[in-house]
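Working notes, structure below.
The figures here come from the full heavy-atom set of this structure, side chains too, leaving out hydrogens, waters and symmetry mates. Note that this is a predicted model, so its numbers are computed, not measured.
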Amino acid sequence: MKKVNSILQRRFRIALCIIGIIILGTPCMLHAQASTIPFIIISTYHKVLNIDDSFTLYAFTSNGKRPSFKSSSSSVASVNTYGVVTAKKAGTACITAKISGAEASCKVTVSKTGITLSHTSATLECGQSIQLKATSSTGAECSYSSSKSSIAKVSSTGRITAQKPGQAEIRVKCQGTTAICRIRVKSPTITLNKKSASLYRLRTLRLHATTSSGKNVTYRSNKSSVATVSPSGLVTAVKHGTATITASLDGASASCQITVKKPTMTISPTNVTLKVGETKQLTVKISSNNVPEYSSSNPAVADISERGVISALYPGRATIYAKEDGVKKSCVVIVTQPK
């Protein structure tokens with residue numbers, strides 16, 4: 001009978017200790033009378049935590065001594081000498097409180113941190129940007145990085161800016177968890193106000209390019225000897241032939257074919273006889289309306305001005321030429337001595 005009473009008393013004391021732990025809510029070591037069989041009672045046998053969370057594992061020992069604490073995986077959940085457990089990374093670990101001859105364990109499950117993104121994918125053009133917002137399940141801050149900063153870069157606050165056409169991943173990390181937002185940087189569309197044009201030499205044409213990104217294009221001529229183009233898109237015809245003017249931007253392009261037309265020319269008269277000292281106006285008509293270039297085969301006999309006036313200088317024969325963009329017409333001049 002005495003033995004039964006002794007067992008009941010020990011159980012009563014244990015119950016009082018547990019109630020005291022719950023009520024006090026602070027780490028404590030409570031003492032029970034020595035028992036022939038050592039034992040440990042802990043405040044919980046299973047705990048679910050988020051990363052960086054902590055709690056105190058309380059332990060009651062039959063011998064009243066402070067137990068030692070140990071974690072089966074300190075990288076998942078660590079414990080100090082006072083039983084304070086701290087979650088480190090997702091996984092499970094057993095926290096064991098131990099005295100000589102007895103031990104008790106608490107299974108700790110550390111939940112994986114969840115990340116919610118405002119965008120999981122996006123399509124941008126060069127120069128455009130979006131704000132990527134990331135929220136972690138634990139409230140911890142997230143870090144951002146780009147797999148290809150040359151295509152899409154991201155700031156420390158999640159601002160994504162498109163750099164050039166291609167694909168990149170924006171990686172958001174928090175407490176061992178990674179979430180990805182896939183970015184595609186597309187080439188812009190370019191529209192020119194003209195796809196083809198015909199010009200005579202020295203004539204100009206203004207090209208206007210409209211881009212979907214609103215950025216300025218770069219112009220280039222594949223034959224500057226035929227037609228040149230300025231940075232602002234002003235095309236100038238140089239000589240007859242064909243050239244392609246290309247407007248480029250971020251991997252996209254649009255082109256305009258320029259044809260510099262060969263002019264037609266008539267000259268009048270085609271031959272003339274003049275006395276020394278006389279002059280004659282040549283009449284030259286050119287489809288381009290450009291002023292021809294004049295020359296004389298024998299300027300000592302007959303010369304010609306920039307305005308097309310022939311001057312007879314010395315008896316003899318000379319040929320006067322009018323040239324424009326590869327087209328040449330002539331007038332034969334006979335100079336005689338006045339009587």
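Residue pairs meeting the salt bridge (charged side-chain N to carboxylate O under 4.0 Å, His left out) criterion with at least one member in residues 228-246: none, sequence neighbours excluded. Residue pairs meeting the side-chain hydrogen bond (donor to acceptor under 3.5 Å, both in side chains) criterion with at least one member in residues 217-230, sequence neighbours excluded: Ser230-Ser232.
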Determine all donor-acceptor pairs shorter than 3.5 Å in which one atom belongs to a side chain in residues 242-267; sequence neighbours excluded.
unit_1, atom_1, unit_2, atom_2, d
Asp250, OD2, Lys215, NZ, 3.3
Thr264, OG1, Ser287, OG, 3.4

Return all side-chain donor-acceptor pairs below 3.5 angstrom for residues 92-107, not counting sequence neighbours, or 'none' if the list is empty.
unit_1, atom_1, unit_2, atom_2, d
Thr96, OG1, Ser105, OG, 2.9

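Considering all non-hydrogen atoms of both residues, Val185 and Ile151 come closest at CG2-O, 3.6 Å. Contact record, Phe69 with Thr81: CD1-O, 3.6 Å, taken as the closest heavy-atom pair. Minimum heavy-atom separation, Lys186 to Thr123: CD-CG2, 3.9 Å. Listed here is the closest heavy atom pair of Val85 and Val108: CG1-CG2, 4.3 Å. Scanning all heavy atoms of the two residues, the minimum distance from Arg171 to Thr178 falls at CB-CG2, 4.3 Å.
Using a 4.5 Å cut-off on side-chain heavy atoms (C-beta onward), Val301 and Val333 make no contact. Looking at Cys331 and Leu282, their side chains come closer than 4.5 Å, going by heavy atoms from C-beta outward. A heavy-atom distance below 4.5 Å is not found between the side chains of Cys181 and Thr120. Considering only heavy atoms from C-beta on, Tyr144 comes within 4.5 Å of Leu132 through its side chain.
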Open item on the list: Show, in sequence, the C-alpha distance, side-chain angles and deciding distance for Lys173 and Cys142, and conclude whether the side-chain contact (heavy atoms from CB on, under 4.5 Å) test is met.
Closed with: CA-CA 5 Å; Lys173 294 183 179 181; Cys142 299; over 6 Å; no
Task: Stepwise side-chain contact (heavy atoms from CB on, under 4.5 Å) test for Leu205 and Lys194 - done: CA-CA 10 Å; Leu205 169 72; Lys194 289 186 178 294; 3.6 Å; yes
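Here the side chain of Thr56 pairs no donor or acceptor atom with the backbone of Val84 at under 3.5 angstrom. A distance-only check finds a donor-acceptor pair linking the side chain of Asn193 to the backbone of Arg206 [under 3.5 Å]. Between the side chain of Glu125 and the backbone N or O of Ser213, at least one donor-acceptor pair lies under 3.5 Å. Judged purely by atom type and a 3.5 angstrom limit, Asp325 uses its side chain to pair as donor or acceptor with the backbone of His240. With hydrogens and angles disregarded, no donor-acceptor distance shorter than 3.5 Å links the side chain of Asp52 to the backbone of Lys88. No donor-acceptor pair closer than 3.5 Å links the side chain of Asn50 to the backbone N or O of Asp53.
Taking the side-chain contact (heavy atoms from CB on, under 4.5 Å) definition, one finds that Lys328 meets it with Tyr321, Lys323, sequence neighbours left out. The side-chain contact (heavy atoms from CB on, under 4.5 Å) check on Ser129 picks up Arg159, Thr161, with sequence neighbours excluded.
Summarising the local packing, OH of Tyr45 is surrounded by more than 12 heavy atoms from other residues, nucleotides or ligands at distances under 6.0 Å.
With hydrogens and angles left out, the side-chain atoms of Gln175 and Thr113 include a donor and acceptor closer than 3.5 Å. Side-chain contact of Gln131 with Ser118: a donor-acceptor pair under 3.5 Å is absent, judged by distance alone.
Between atom CZ of residue Arg203 and atom OG1 of residue Thr236 there is a gap of 11.5 Å, rounded to the nearest 0.5 Å.
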